[in-house]
Amino acid sequence: AAILSGGAPLQDSTALEEAAQLFWSYREEMEGSAMYNSLVAESSYEVLLDQPKYLTIELNSYTYQGGAHGSPSTLVQSYELESGKALGLEAVVSDLSRLKTIAEAQFRQERQDAFEQGFEFDDLFAFALPANFGLTKAGLYCHYLAYEVGPYALGNTIFTIPFSELEGILRPPFDTW
């Protein structure tokens with residue numbers, strides 16, 4: 001619903017219908033303008049892990065409602081299927097500080113070109129663990145959005161930290177994957 005509403009506050013019970021109405025009313029306001037046919041709201045999803053005990057889904061969305069550029073967004077979440085509980089990083093690893101060190105090294109490797117051109121983490125773009133992460137068969141999937149730890153021009157950064165690199169900080173049962 002937030003994809004269609006541009007982030008406007010919505011009531012839970014009618015969120016999707018209300019969001020669609022907001023989007024179409026905004027589009028109608030633009031009728032006759034050059035932007036009328038440029039308004040976009042789209043979404044897709046991918047199942048990253050589907051096992052009997054765990055599920056990881058990635059939801060991607062993109063909206064353009066005018067301005068310099070559109071608004072891409074991604075949400076990645078892993079769930080414990082028996083309880084329906086969303087898994088946070090603390091449920092997967094025991095040492096977030098160590099994970100941050102490992103993730104930063106992987107990020108620097110993945111974005112080596114940006115660092116060679118002078119990008120560096122600082123107060124404005126401090127390195128942090130990703131808001132979007134999930135379990136996959138290969139390891140811990142990390143999806144950094146533009147602006148999350150770098151400028152928009154850097155774009156999204158996506159990588160998977162193999163479970164072997166997380167040895168010693170994985171909580172059971174993930175330590176046996």
Side-chain angles (χ1 to χ4, degrees), residues 1-7 15 19 40-51 53-65 67-81 83-117 119-167 169-171 173-175 177:
I3 295 166
L4 294 172
S5 71
V40 176
E42 54 191 34
S43 66
S44 63
Y45 73 93
E46 183 177 351
V47 176
L48 302 177
L49 177 72
D50 187 0
Q51 292 188 339
K53 293 185 178 185
Y54 300 98
L55 175 70
T56 301
I57 297 175
E58 179 177 66
L59 174 64
N60 295 292
S61 66
Y62 175 81
T63 60
Y64 179 75
Q65 298 178 0
H69 53 75
S71 296
S73 183
T74 297
L75 174 64
V76 179
Q77 185 64 65
S78 292
Y79 297 92
E80 181 181 57
L81 292 176
S83 67
K85 180 182 173 186
L87 296 175
L89 281 172
E90 299 82 7
V92 178
V93 298
S94 60
D95 186 343
L96 293 178
S97 177
R98 177 75 181 122
L99 176 60
K100 186 176 177 182
T101 300
I102 294 167
E104 182 175 350
Q106 184 77 31
F107 189 101
R108 287 177 178 277
Q109 180 179 340
E110 190 69 27
R111 287 301 184 160
Q112 183 177 358
D113 58 331
F115 289 97
E116 288 172 354
Q117 295 175 16
F119 175 75
E120 193 53 65
F121 295 119
D122 57 21
D123 291 341
L124 181 60
F125 295 117
F127 186 79
L129 290 171
N132 290 292
F133 66 90
L135 297 169
T136 68
K137 289 181 182 179
L140 189 64
Y141 177 83
C142 299
H143 190 134
Y144 286 89
L145 300 173
Y147 293 126
E148 192 170 357
V149 294
Y152 184 84
L154 192 61
N156 291 0
T157 302
I158 303 167
F159 57 83
T160 299
I161 303 171
F163 286 122
S164 61
E165 290 186 30
L166 300 171
E167 194 172 313
I169 64 169
L170 288 169
R171 293 188 188 276
F174 311 110
D175 58 343
W177 281 27

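Reckoned from all heavy atoms, side chains included, excluding hydrogens, waters and symmetry mates.
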Inset, instruction - Over all heavy atoms of both residues, which pair between Tyr144 and Ala103 is shortest? Give the atoms and the distance, please. - result: OH-CB, 4.1 Å

Inset, instruction - For the pair Phe115 and Phe107, name the ring-plane relationship: parallel under 30°, tilted 30 to 60°, perpendicular over 60°. - result: perpendicular

Legend entry - Inter-residue atom distance Arg108.CZ - Glu120.CD, 0.5 Å rounding: 4.0 Å

Inset, instruction - Enter the distance from Ser44:OG to Tyr62:OH here, rounded to the nearest 0.5 Å. - result: 13.5 Å

Inset, instruction - Could you list the residues that satisfy side-chain contact (heavy atoms from CB on, under 4.5 Å) with Arg171, not counting sequence neighbours? - result: Ser94

Inset, instruction - Please report the shortest heavy-atom distance between Ile169 and Arg98, naming the atom on each side. - result: CG2-CG, 3.9 Å

Inset, instruction - Would you check, one step at a time, whether the test side chain to side chain contact (heavy atoms under 4.5 Å, CB included) holds for Phe159 with Gln109? - result: CA-CA 10 Å; Phe159 57 83; Gln109 180 179 340; over 6 Å; no

Legend entry - Nearest heavy-atom neighbours spanning Asn60 and Glu58: ND2-OE1, 3.5 Å

Legend entry - Nearest heavy-atom neighbours spanning Phe163 and Lys137: CE1-O, 3.8 Å

Legend entry - Minimum heavy-atom distance Leu87-Gln77, with the two atoms named: O-NE2, 3.1 Å

Quiz: residues 146-153 side-chain donor-acceptor pairs under 3.5 angstrom, not counting sequence neighbours:
residue: Glu148; atom: OE1; partner: Leu145; partner atom: N; Å: 2.9
residue: Glu148; atom: OE2; partner: Ala131; partner atom: N; Å: 2.7

Inset, instruction - May I ask you to decide if Phe119's main-chain N or O and Arg111's side chain share a donor-acceptor pair within less than 3.5 Å? - result: no

Inset, instruction - Check whether any side-chain heavy atom of Leu170 sits under 4.5 Å from a side-chain heavy atom of Trp177, and report yes or no. - result: no

Legend entry - Distance, nearest 0.5 Å, that separates CG of Asn156 from NE2 of His143: 3.5 Å

Inset, instruction - Please examine the side chains of Leu99 and Leu140, heavy atoms only from C-beta on, and report whether any two atoms are closer than 4.5 Å. - result: yes

Legend entry - Between CG on residue Leu59 and CG on residue Asn132, distance to nearest 0.5 Å: 9.5 Å

Legend entry - Spacing of Thr160 atom OG1 and Tyr141 atom OH [to the nearest 0.5 Å]: 7.0 Å

Inset, instruction - Mind listing the closest non-hydrogen atom pair of Thr56 and Ser78 along with its distance? - result: OG1-OG, 2.6 Å

Legend entry - Glu167 atom CD, over 12 foreign heavy atoms within 6.0 Å: no

Legend entry - Ile158 side chain reached by Thr74 side chain, heavy atoms, under 4.5 Å: no

Legend entry - Modelled atom types, side-chain donor and acceptor of Gln106 and Glu110, under 3.5 Å: no

Legend entry - Nearest-0.5 Å distance, OG1 of residue Thr136 to CZ of residue Phe133: 12.5 Å

